[in-house]
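Contents: one structure, followed by commentary.
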Amino acid sequence: MPEVQIFKEYFDATSLDKEIVEVEVKSKEILQKITENYLKAKLKEEEFLSSQRHGKYLFASVSGKFLMVFHFGMTGSLKYFKAQKDEPPHDRLLINFRNGYQLAFNDQRKFGRVTIAYTIDEFLAEKRLGKDALEINFPDFKEAIGKKSGTVKSALMDQHVIAGIGNIYSDEILFQTRINPKKKIGEIENKALKEVHSNMRRILETAIKNHADLQSYPRNYLLYNRVRGAKCPNCGGKIAIVKVSGRTAYFCPNCQK
DNA sequence: AGTACCACCTGACGGC
DNA sequence: TGCCGTCAGGTGGTAC
């Protein structure tokens, strides 16, 4: 989600209030529930007025009439450019503006998706997305997560519970709260859950402040050096790697009980 | 109903 | 040098 917030800021700085002349779809696979012709017709001669982020989704208002929805998967990004030499290598969608610039939806692994929606609430309801991780207050957080029965890591990553936490940020939150990623939700005390909530917000805010660039995060963050054989920034012990409901979890067995 | 896990896709990387 | 297997990460579908 911090990356998506950075894309939102980039989008707002580059692509608002410019007439769209044409849309090119280079990889149809990224279109979700819409056809290429539909998207082209919808965007032609319109303009982006503003954008909003919810979890990992970015919503761009198109002339106040409807929303263009972006989901970036793992490798998606945006690039605003003019010269051909600046065209990104895996652009799946290009939006051509009247001013000669283009906005590219670049996505090497094609896990990203683009679609059209009419209201954010309707879209969130259809996807059954939880509240945004930066917006949710503790009582709502507790209630949402309390309905789960699996591991704390998979609950944090479940977009229906809270929207916005991915694999690497769930690791960071649990590392800083000193909770083992395999711990069951029911075994977490209220006080620790409160810490999870406040650490979640602080970590996401810190990540955004650092432009979602892992190498500029504080040195005591697990994410600063999330690689095989890394040492724990707390105790110097070896960081372990395990699978938790199919995802790779990095954690310190000594600090996270 | 809810949880676990694989497929999707591509490039990087390690091993032989 | 080069080929092959493995891995990464988010989501959606499927299996349990």
Side-chain angles (χ1 to χ4, degrees), chain A residues 1-8 25-34 53-59 69-79 87-93 104-115 117 123-133 143-175 180-188 200 203-204 207 212-215 217 222-230 239-251:
Chain A
M1 177 253 263
E3 275 192 280
V4 181
Q5 180 65 25
I6 301 308
F7 296 147
K8 171 185 160 43
V25 177
K26 296 195 157 193
S27 300
K28 291 191 181 69
E29 308 95 283
I30 64 146
L31 299 181
Q32 189 168 54
K33 294 184 176 178
I34 55 172
R53 181 193 58 71
H54 185 102
K56 301 173 187 174
Y57 289 86
L58 178 62
F59 302 88
V69 187
F70 296 90
H71 188 277
F72 298 91
M74 324 166 8
T75 54
S77 64
L78 296 176
K79 185 161 183 190
E87 183 173 348
H90 306 287
D91 45 347
R92 309 302 180 187
L93 185 81
F105 180 76
N106 189 55
D107 184 14
Q108 178 197 113
R109 294 185 201 174
K110 299 186 191 173
F111 284 177
R113 292 292 178 263
V114 165
T115 192
F123 183 86
L124 299 183
E126 192 194 320
K127 295 269 181 194
R128 299 189 302 114
L129 290 179
K131 294 197 172 166
D132 184 83
E143 195 205 333
I145 218 160
K147 289 178 182 162
K148 302 288 287 184
S149 59
T151 64
V152 59
K153 179 174 169 68
S154 52
L156 282 175
M157 290 172 61
D158 186 339
Q159 304 299 299
H160 303 121
V161 175
I162 325 151
I165 310 291
N167 192 37
I168 67 173
Y169 287 96
S170 68
D171 279 357
E172 185 70 49
I173 293 163
L174 294 173
F175 173 71
N180 189 296
K182 287 198 174 178
K183 192 152 177 159
K184 295 280 194 292
I185 282 293
E187 296 167 0
I188 307 215
M200 170 179 79
I203 288 164
L204 293 173
D213 170 30
L214 306 188
Q215 289 310 301
Y217 289 179
L222 181 63
L223 287 182
Y224 174 69
N225 190 22
R226 191 180 183 275
V227 294
R228 286 198 120 67
I239 293 295
I241 302 175
V242 293
K243 291 279 179 192
V244 179
S245 53
R247 320 300 312 188
T248 307
Y250 285 61
F251 78 109

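Naming: A, B, ... by sequence-line order, numbering from 1 per chain.
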Can you confirm whether more than 12 heavy atoms, excluding those of A:K79, are under 6.0 Å from its NZ atom?
yes
B:dT3 P sits how many Å from A:L156 CG, rounded?
13 Å
Taking all non-hydrogen atoms of both residues, which atom of A:T75 and which atom of A:K110 are closest, and how far apart?
OG1-N, 4.4 Å
Short side-chain N/O contact from A:H71 to OP1 or OP2 of C:dT11, under 4.0 Å
yes
Salt bridge or not for A:R53 and A:D132, using N-O below 4.0 Å?
yes
When A:G150 and A:K110 are each assigned the nearest nucleotide of DNA chain B, the 5'-most assignment goes to A:G150
Just say parallel, tilted or perpendicular for the rings of A:F105 and A:F72, cut-offs at 30° and 60°.
tilted
Atom-to-atom span, CE of A:M1 to C1' of C:dT11 - whole angstrom:
17 Å
Taking the six-membered ring for Trp, are the ring centroids of A:Y57 and A:F123 within less than 6.0 Å of each other?
yes
Is there a donor in the side chain of A:N180 and an acceptor in the side chain of A:K153, or the other way round, less than 3.5 Å apart?
no
Is the shortest side-chain heavy-atom distance between A:Y217 and A:I203 below 4.5 Å?
no
Would you check if A:K8 and A:V4 make a side-chain contact, meaning some heavy-atom pair closer than 4.5 Å?
no
With side-chain hydrogen bond (donor to acceptor under 3.5 Å, both in side chains) as the test, would you mind laying out the steps for A:T151 and A:K184 before giving the verdict?
CA-CA 4 Å; A:T151 64; A:K184 295 280 194 292; over 6 Å; no
Just compare B:dT10, B:dT3, C:dG12 and give me whichever is closest to any side-chain atom of A:Q32.
C:dG12
Dot-bracket line, read 5' to 3' along DNA chain C, where crossing pairs take [ ] and | marks a partner on another strand, Watson-Crick or G-U under 3.5 Å:
.|||||||.|||||||
Can you tell which of A:T115, A:V69, A:V25 makes a side chain to side chain contact (heavy atoms under 4.5 Å, CB included) with A:I34?
A:T115
Counting heavy atoms from C-beta on, name the nucleotide in C:dG10, B:dG11, B:dT3 closest to the side chain of A:K56.
C:dG10
Take atom C1' in C:dG10 and the same atom in B:dC13, then report the distance between them in whole Å.
22 Å
What is the separation between atom CG on A:L124 and atom P on C:dT11, rounded to the nearest whole Å?
13 Å
Without decimals, in angstroms, what is the distance between A:L58 CG and C:dG10 P?
17 Å
Is the distance from OP1 or OP2 of B:dC6 to the nearest side-chain N or O of A:K243 less than 4.0 Å?
no
A:S154 vs B:dT3: side-chain N/O to OP1/OP2 distance below 4.0 Å:
no
Determine the minimum heavy-atom distance between A:G166 and A:K56, stating which atoms define it.
CA-NZ, 3.5 Å
Whole-Å distance separating the NE2 atom of A:H90 from the P atom of B:dC9:
15 Å
A:R113 atom CZ is separated from B:dC8 atom P, nearest whole Å, by 13 Å
Centroid distance below 5.5 Å plus an interplanar angle below 30 degrees: do A:F111 and C:dT11 meet both conditions?
no
Let me know, please, whether A:R247 or A:K184 comes out on the 5' side of the other along DNA chain B by nearest nucleotide.
A:K184
Would the base of B:dT10 count as contacting A:R92 through its side chain, where contact means a donor and an acceptor less than 3.5 Å apart?
no
Using heavy atoms to find the nearest nucleotide of DNA chain C for A:R109 and A:K127 separately, return the residue whose nucleotide is more 5′.
A:R109
Say we look at C:dT11 and B:dA1: how far apart would their P atoms be, to the nearest angstrom?
23 Å
Distance check, P atoms only: B:dC6 and C:dT6, in whole angstrom units.
14 Å
Please work out which residues in residues 158-169 of chain A have a non-hydrogen atom less than 4.0 Å from an atom of DNA chain C and list them by number.
A:Q159, A:G166, A:N167, A:I168
Spacing between A:M157 atom CE and C:dG10 atom C1', to the nearest angstrom
8 Å
To the nearest Å, give me how far apart CZ (A:R128) and P (B:dT3) are.
11 Å
Contact class for A:T248 vs. all strands (heavy atom < 4.0 Å): base, sugar-phosphate, or nothing?
sugar-phosphate
